Enquirer: 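Encoded as structure tokens, here's the structure I'll be asking about.
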Amino acid sequence: MEKTYDPSQIEASWYQSWEESGFFAPSGDGTAYCIAIPPPNVTGSLHMGHAFQHTLMDTLIRFKRMQGHNTLWQVGTDHAGIATQMVVERQLLAEGISRHDLGREKFLEKVWQWKTDSGGAITSQIRRMGSSVDWSRERFTMDAGLSNAVQEVFIQLYEEKLIYRGQRLVNWDPKLHTAISDLEVISEEEAGHMWHIQYDLVDGSGSLIVATTRPETMLGDSAVAVHPDDKRYKHLIGKEINLPLSGRTIPIIADEYVDPEFGTGCVKITPAHDFNDYEVGKRHNLPLINIFTVDATLNDNAPETYRGLDRFEARKQVVKDLEAAGLLIKVAEHTLKVPRGDRSGVVVEPYLTDQWYVAVESLAKPAIEAVENGDIEFVPKNWENTYFAWMRDIQDWCISRQLWWGHRIPAWYDEQGKVYVGRSEDEVRSKHQLRPEVKLKQDADVLDTWFSSALWTFSTLGWPEKTKELETFHPTNVLVTGFDIIFFWVARMIMMTLKFTGEVPFKQVYITGLIRDEDGQKMSKSKGNVLDPLDLIDGIELEALVAKRTQSLMQPEMAKKIAQVTRKQFPQGIPAFGTDALRFTICSLASTGRDIRFDMSRAEGYRNFCNKIWNAARYVLMNTENEDCGLNPEDDIELSVADRWIISRLQQAEQSVISALDSYRFDHAAQAIYEFTWNEYCDWYLELSKPILTADTSVSSIAAKRGTRRTLVKVLETLLRLSHPIMPFISEEIWQRVAPLAGIANSKDSSIMLQPYPVPEQSKINVNAIADIEWIKGVIIGIRNIRGEMDIAPGKKLPVYFSHGSTEDKTRLDNYRNFLLTLAKLDDITWLEQTEQAPTSATQLVGDMEIHVPMAGLIDKDAEINRLNKEIEKLSRELTRVKDKLNNPNFTDKAPEAVVAKEKQKLEAAASAKSALEEKLQALRVL
RNA sequence: AGGCGCGUAGCUCAGUUGGUUAGAGCACCACCUUGACAUGGUGGGGGUCAGCAGUUCGAGUCUGCUCGUGCCUACCA
């Protein structure tokens, strides 16, 4: 093996080998365990959020697979209607073509082409993450099977009147020319103005001042509203006013909606261009005057001078004209929430159109109950509140989009506009007995992308067919996703799946936090702080990183700043950490219920951890390959205290990892593996194995060497299996070499990923061995402490004396002398009986036993006095604290006996340690 | 306006049902290239657990308030 772990060397081939061997497919044995991947955009690329979620899902899947479950990780991609269509349209635009120039059919061909060309990127990136998804079952939301499911669902909902067509105000995106759902509108505060406009009464008896943030919409006003109880305006209710600029007269109406405290207490009512005004208009039977075209330019309902103007141009013109007419009373600075389309970024208009809706109320009810009664459980649980809050106030879902890329709505219209819904035009004709001369035209719209996503767990398993997969793997076990799509996706999945399968889509929902950069900022292209998981795996040069981050920015003027920041943050570029280190980092950061700041230094630390495992394996192989590892049951085997100890600790580590993974505490699982591997196996066990393996057979028998080799190999082999779900590549690479030494037959078609997951055995935990090793560690650490504090060279061999020891200490010394000599680098240990006096020394305590390192030329008296003083002071502080506690009758009376006993023990230990050290101090002082 | 979080070492974070002297990694200081590993070893320094009050024998942990901070939902023209 190479001296240094190099992920690029080992990660390249394993994935392909696993995939080709069909290891990712369900085994067919055991209880089913299934995760449906949140389908990424087919033409997208992997970002940190994916890397994060995929790591967690793969860890679960590999864990369950090794535990013997029949696991399926269902993979697939989403057609991502608007996003994909926009990309292709942008490409066409670069050639000077619009989609309308091409026509629907040709355009769709282009999109499919683009999907074929670029759709492989995301799937190959998923592979790089090591994700053990079943590629043989890969699905796409627009493939035939899923499209069929979409159609069936649409038709059934329509027939049950749960899908309907209606005319109402929707959020209209004037750039994309489509309706979007409430969820796709992002409202953020922006600086704007509040214009105060004077509307004169028709009878000339006075005027009203109306305050508005959108003066241009006054061209579509149908009324002015005041609060019915507002004394200032009560007498004006029912009167008519002259609407400036448009020559119309509109009434003054009274409506509770108006807040008399806000603005002037008079509100202009524009039912066709404001959601609230729309409701007011309905209550008062006001006419809807639509003044916008689909582009949000002014249409023929506006006075002639404004026609054709863009809405913002029109606003300027209206303000100017009002000013000229002396009707503009005041302009005030005003911050307001501006609704923008999440894809286009342009201001969305409330716009009156015909759209298709899902009536969600009856679907929402069982979906709420499923979470209330625990059929579906959110992890962490507090997300259930978010879910309930939204579901209990859910609005009908606008599912039609005026796009071309997507599932076409299976509805046809005759020339009278009558709607027929069915699987095809033929079916519609025969079902409704339409004569051939009746002309039918299919609805031009497509469905919201999330409509097909909502069917994901069951449509991918073959629904509406009653497939074996559906029966076996549905409901799926857990959905791993971000909180940002709880409404978009999770809630809608729950509703649709309950409706069509009678089952929940998943039993648990694990909600991950958002991945942020080191400064806690959201990663975004426009901020130039995006980390590409592939760059963390493979590494990237600074110049390439800068180029990548500054390429094709929406705001090119940001490029300079982004380059600057990037150069400062990554002066050396990003080193290659490898997939395993990235995955381990992700797991260790994945504590529940909070966002994650991605910290590069953590990744570096875990890359080092991989190197540590790698080198531990080198050591083990070096000592076991071509050696007798005790596999022959005929041979005598002797296990050392270290062997028994590490086996005990391994059981405990296994238990920790398993219970952590069972409760989605990936951070705890990672930590347990890290600590066991580094702090116990490497730091202590490997060191303890050295004296056994190198000693003369008169000191360490053949059977003992065998036992230690066997333990070295077996523990490592188990540790690899324990780590495999988090670190699939390095564990496989090393396992292939180690497994035969551990007596596990492996061949080319075998893999660690098919091996059983470790099962802790209580009977293998040896408490005596644990106590003995603690003693050994205590002695060694005590001596090392003296070395460190006294500046004694680490290589310098020391003589030491033990005094005031018990018979147990004596036995341990007799048994473990060799460990102590080697690990503490001693040349001799002298046991002193109670009556014997140690030479002048630096002293450490292990329990009541004293360890003495003679000063003789090595140790500075004053330094030792200082060190003792420091220790004694520490003990004094503790003594005071414990004494106070025990002197408090409230404590001794009320605290549980065990707690009190513990405190008493503490008191005794501290007191005796303190007096022992004080004695030493005294002795030194009189010297 | 409502809701949900967060605030623990210089930084990023753990800390189960309240119970040793509050932990880890990175960073820092000193010493060390010893035969797995300098992507390493050994030793060490560093925290008023945001603040205040309360409950309790005992609070990082429970309650209330305050401050700071992040997000979500709904919105007043």
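Please read all numbers here as calculations on a predicted model, not as lab measurements. Order of the sequence lines sets the chain letters (A, B, ...), proteins ahead of strands, with each chain counted from 1.
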Enquirer: Could you give the distance separating B:A59 and B:C75 at their P atoms, to the nearest angstrom?
Expert: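 46 Å, rounded to whole Å.
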
Enquirer: Work out how far the C1' atom of B:U8 is from that of B:G47, and round it to whole angstrom.
Expert: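 Per the computed distance, 8 Å lies between those C1' atoms.
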
Enquirer: Taking atom C1' in both B:C67 and B:A14, compute the distance separating them and give it to the nearest angstrom.
Expert: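 Going atom to atom, C1' in each nucleotide, I get 25 Å.
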
Enquirer: Are A:F819 and A:I692 packed together at the side-chain level, in the sense that at least one heavy-atom pair is separated by less than 4.5 angstrom?
Expert: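 Yes - at least one pair of side-chain heavy atoms lies under 4.5 Å apart.
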
Enquirer: Please write out the pairs of protein N or O atoms and N or O atoms of nucleotides 71-75 of chain B separated by less than 3.5 Å, giving the distance to one decimal.
Expert:
{"unit_1": "B:C75", "atom_1": "N4", "unit_2": "A:K337", "atom_2": "NZ", "d": "3.1"}

Enquirer: If the condition is side-chain hydrogen bond (donor to acceptor under 3.5 Å, both in side chains), which residues does A:E11 pass it with, not counting sequence neighbours?
Expert: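 Once residues adjacent in sequence are excluded, the partners of A:E11 under the side-chain hydrogen bond (donor to acceptor under 3.5 Å, both in side chains) criterion are A:T579.
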
Enquirer: If you compare every side-chain N and O of A:T213 against the phosphate oxygens of B:A77 (OP1, OP2), does one of them come in below 4.0 Å?
Expert: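 Answer no for this pair, as no side-chain N or O of A:T213 is under 4.0 Å from OP1 or OP2.
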
Enquirer: Considering every strand shown, what is the Watson-Crick or G-U wobble mate of B:A9 when both distances are under 3.5 Å?
Expert: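 Its partner: none found.
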
Enquirer: Report the distance from atom CG of A:L823 to atom P of B:U42, rounded to the nearest whole Å.
Expert: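 Atom CG in A:L823 sits about 10 Å away from atom P in B:U42.
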
Enquirer: Could you check how far CD of A:E873 sits from P of B:G45, rounded to whole Å?
Expert: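 It works out to 13 Å between those atoms.
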
Enquirer: Return the nearest nucleotide to the side chain of A:K690; candidates are B:C4, B:A77, B:A36.
Expert: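 Closest of the options to the side chain of A:K690: B:A36.
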
Enquirer: Within less than 4.0 Å of OP1 or OP2 of B:G41, is there a side-chain N or O belonging to A:K612?
Expert: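 Looking at the OP1 and OP2 atoms of B:G41, one of them is under 4.0 Å from a side-chain N or O of A:K612.
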
Enquirer: Rounded to the nearest Å, what distance is computed from the CG atom of residue A:D484 to the C1' atom of nucleotide B:G70?
Expert: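 One finds 15 Å between C1' of B:G70 and CG of A:D484, rounded.
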
Enquirer: Which of the following nucleotides, B:A77, B:A36, B:G43, is nearest to the side chain of A:L686?
Expert: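 Among B:A77, B:A36, B:G43, the one nearest the side chain of A:L686 is B:A36.
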
Enquirer: Counting side-chain heavy atoms from CB outward, which of B:G44, B:A36, B:A77 is closest to A:D259?
Expert: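 The answer is B:A77, which lies nearest to the side chain.
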
Enquirer: Using a heavy-atom cut-off of under 4.0 Å over every strand shown, decide if A:A616 touches base, sugar-phosphate, or nothing.
Expert: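 Contact class for A:A616: base.
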
Enquirer: Just name whichever nucleotide pairs with B:C4, Watson-Crick or G-U, keeping both distances under 3.5 Å, else none.
Expert: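 With both distances under 3.5 Å, B:C4 matches B:G70.
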
Enquirer: What is the base-pairing partner of B:C57, counting Watson-Crick and G-U wobble geometry with both distances under 3.5 Å?
Expert: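 Its partner is B:G19 (Watson-Crick or G-U wobble, both distances under 3.5 Å).
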
Enquirer: Could you check whether A:K612 makes a cation-pi contact with A:Y681, meaning its NZ or CZ is under 6.0 Å from the centre of the six-membered ring and within 45° of the ring axis?
Expert: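 Checked: cation-pi criterion not met.
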
Enquirer: Between A:W383 and A:F483, how do the two ring planes meet: parallel, tilted or perpendicular, split at 30° and 60°?
Expert: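 Parallel, since the angle between the ring planes stays under 30°.
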
Enquirer: With a non-hydrogen cut-off below 4.0 angstrom, is A:C610 in contact with a base, only sugar-phosphate, or nothing?
Expert: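 Answer is nothing: A:C610 stays at 4.0 Å or more from every strand.
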
Enquirer: Heavy-atom distance under 4.5 Å between the side chains of A:L322 and A:W195, does that happen here?
Expert: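 Heavy-atom side-chain distance check fails, nothing below 4.5 Å.
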
Enquirer: How do A:K3 and A:H334 order along RNA chain B: which one's closest nucleotide is nearer the 5' end?
Expert: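 Looking at the nearest nucleotide for each, A:K3 comes out on the 5' side.
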
Enquirer: Can you figure out which of B:G5, B:U42, B:C57 approaches the side chain of A:N382 most closely?
Expert: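 From the listed options, B:G5 comes nearest.
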
Enquirer: Roughly, in whole Å, what's the span from CG in A:N615 to P in B:G40?
Expert: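 Whole-Å distance recorded here is 10 Å.
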
Enquirer: Sort out the partner of B:G45 for me: Watson-Crick or G-U wobble, both distances under 3.5 Å, none otherwise.
Expert: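 Here B:G45 is not engaged in any pair, so there is no nucleotide opposite it.
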
Enquirer: Pick out the pairs of N or O atoms, protein on one side and nucleotides 19-26 of chain B on the other, that lie under 3.5 Å.
Expert:
{"unit_1": "B:U20", "atom_1": "O3'", "unit_2": "A:K906", "atom_2": "NZ", "d": "2.8"}
{"unit_1": "B:U21", "atom_1": "OP1", "unit_2": "A:K906", "atom_2": "NZ", "d": "3.2"}
{"unit_1": "B:U21", "atom_1": "O4'", "unit_2": "A:R881", "atom_2": "NH2", "d": "3.3"}
{"unit_1": "B:U21", "atom_1": "O4", "unit_2": "A:E878", "atom_2": "OE1", "d": "3.0"}

Enquirer: Please state the P separation for the pair B:C6 and B:U16 - nearest whole angstrom.
Expert: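 The same atom, P, in both gives a distance of 12 Å.
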
Enquirer: Mind checking if A:D683 touches a base, just sugar-phosphate, or nothing, with heavy atoms under 4.0 Å?
Expert: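 Counting heavy atoms under 4.0 Å across all strands, the contact made by A:D683 is with sugar-phosphate only.
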
Enquirer: Ignoring the backbone of A:R618, work out which of B:C37, B:A30, B:A14 is nearest its side chain.
Expert: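 For A:R618, the side-chain atoms sit closest to B:C37.
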
Enquirer: For A:L693 and B:A36, give me the distance from atom CG to atom P, rounded to whole Å.
Expert: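 Atom-to-atom, A:L693 to B:A36, this comes out as 11 Å.
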
Enquirer: Just how far, in rounded Å, is P of B:A36 from OH of A:Y681?
Expert: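 Answer to the nearest Å: 13 Å.
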
Enquirer: Classify the nucleic acid contact of A:R607 as base, sugar-phosphate or nothing, counting any heavy atom under 4.0 Å across all strands shown.
Expert: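 If one applies the 4.0 Å heavy-atom cut-off, A:R607 turns out to touch a base.
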
Enquirer: According to the Watson-Crick and G-U wobble definitions, with both distances under 3.5 Å, which nucleotide is paired to B:G64?
Expert: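 Looking at the geometry, B:G64 pairs with B:C52.
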
Enquirer: Could you work out the separation of B:G44 and B:A9 based on their C1' atoms and round it to a whole Å?
Expert: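 To the nearest whole Å, 15 Å.
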
Enquirer: To the nearest angstrom, how far is A:Q655 atom CD from B:U16 atom C1'?
Expert: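 Distance check: A:Q655 CD to B:U16 C1' gives 14 Å.
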
Enquirer: Going by salt bridge (Lys or Arg N to Asp or Glu O under 4.0 Å), name the pairs with one or both residues in residues 378-390 of chain A, residues two or more places apart or in two chains.
Expert: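 Found A:K381-A:E384.
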
Enquirer: If the condition is side-chain hydrogen bond (donor to acceptor under 3.5 Å, both in side chains), which residues does A:N785 pass it with, not counting sequence neighbours?
Expert: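 With neighbours one apart ignored, the set is A:Q844, A:R867.
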
Enquirer: Around atom CD of A:E873, are there more than 12 heavy atoms from other residues, nucleotides or ligands closer than 6.0 Å?
Expert: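 Atom CD in A:E873 is not crowded, with 12 or fewer foreign heavy atoms closer than 6.0 Å.
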
Enquirer: Can you tell me if the side-chain N/O atoms of A:R597 get under 4.0 Å from OP1 or OP2 in B:U12?
Expert: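 Affirmative; the distance criterion is met.
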
Enquirer: When rounded to the nearest Å, what value does the distance between C1' atoms of B:G15 and B:G2 take?
Expert: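 The answer is 32 Å between these two C1' atoms.
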
Enquirer: Which sits closer to the 5' end of RNA chain B, A:K870 or A:L336, going by the nucleotide each is nearest to?
Expert: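 Its nearest nucleotide being more 5', the pick is A:K870.
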
Enquirer: Pick the P atom in B:U56 and in B:G45, then give their distance to the nearest Å.
Expert: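 Nearest-Å result for B:U56 against B:G45 at atom P: 38 Å.
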
Enquirer: Once you round it to whole Å, what is the distance between P of B:G41 and NZ of A:K796?
Expert: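 Rounded to whole Å, this separation is 26 Å.
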
Enquirer: Kindly assign one of parallel, tilted or perpendicular to the pair A:H334 and A:F262, based on the angle between their ring planes and the thresholds 30° and 60°.
Expert: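 Taking A:F262 first and then A:H334, their aromatic rings stand perpendicular (interplane angle over 60°).
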
Enquirer: Using only heavy-atom distances, determine whether the side chains of A:D884 and A:N888 contain a donor-acceptor pair under 3.5 Å.
Expert: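 Side chains of A:D884 and A:N888: no pair found under 3.5 Å.
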
Enquirer: Could I get the full list of side-chain hydrogen bond (donor to acceptor under 3.5 Å, both in side chains) partners for A:E680, not counting sequence neighbours?
Expert: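 With neighbours one apart ignored, the set is A:R649.
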
Enquirer: Counting only heavy atoms from other residues, nucleotides and ligands, does the tally under 6.0 Å from CG of A:D827 exceed 12?
Expert: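 It does: A:D827 CG has more than 12 such atoms within range.
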
Enquirer: Distance check, C1' atoms only: B:G23 and B:G46, in whole angstrom units.
Expert: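 Taking atom C1' in both B:G23 and B:G46, they lie 14 Å apart.
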
Enquirer: For A:E384, answer base if it contacts any base atom (sugar-phosphate contacts may also be present), sugar-phosphate if it contacts only those atoms, and nothing otherwise; contact means non-hydrogen atoms under 4.0 Å.
Expert: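 Since no nucleic acid heavy atom lies under 4.0 Å of A:E384, the category is nothing.
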
Enquirer: Could you check whether A:R392 gets within reach of a base, just the sugar-phosphate, or nothing at all, counting any heavy atom under 4.0 Å?
Expert: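 The residue A:R392 makes no contact with any strand.
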
Enquirer: What orientation do A:Y674 and A:Y606 show, parallel under 30°, tilted 30 to 60°, or perpendicular over 60°?
Expert: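 It falls in the perpendicular class, over 60°.
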
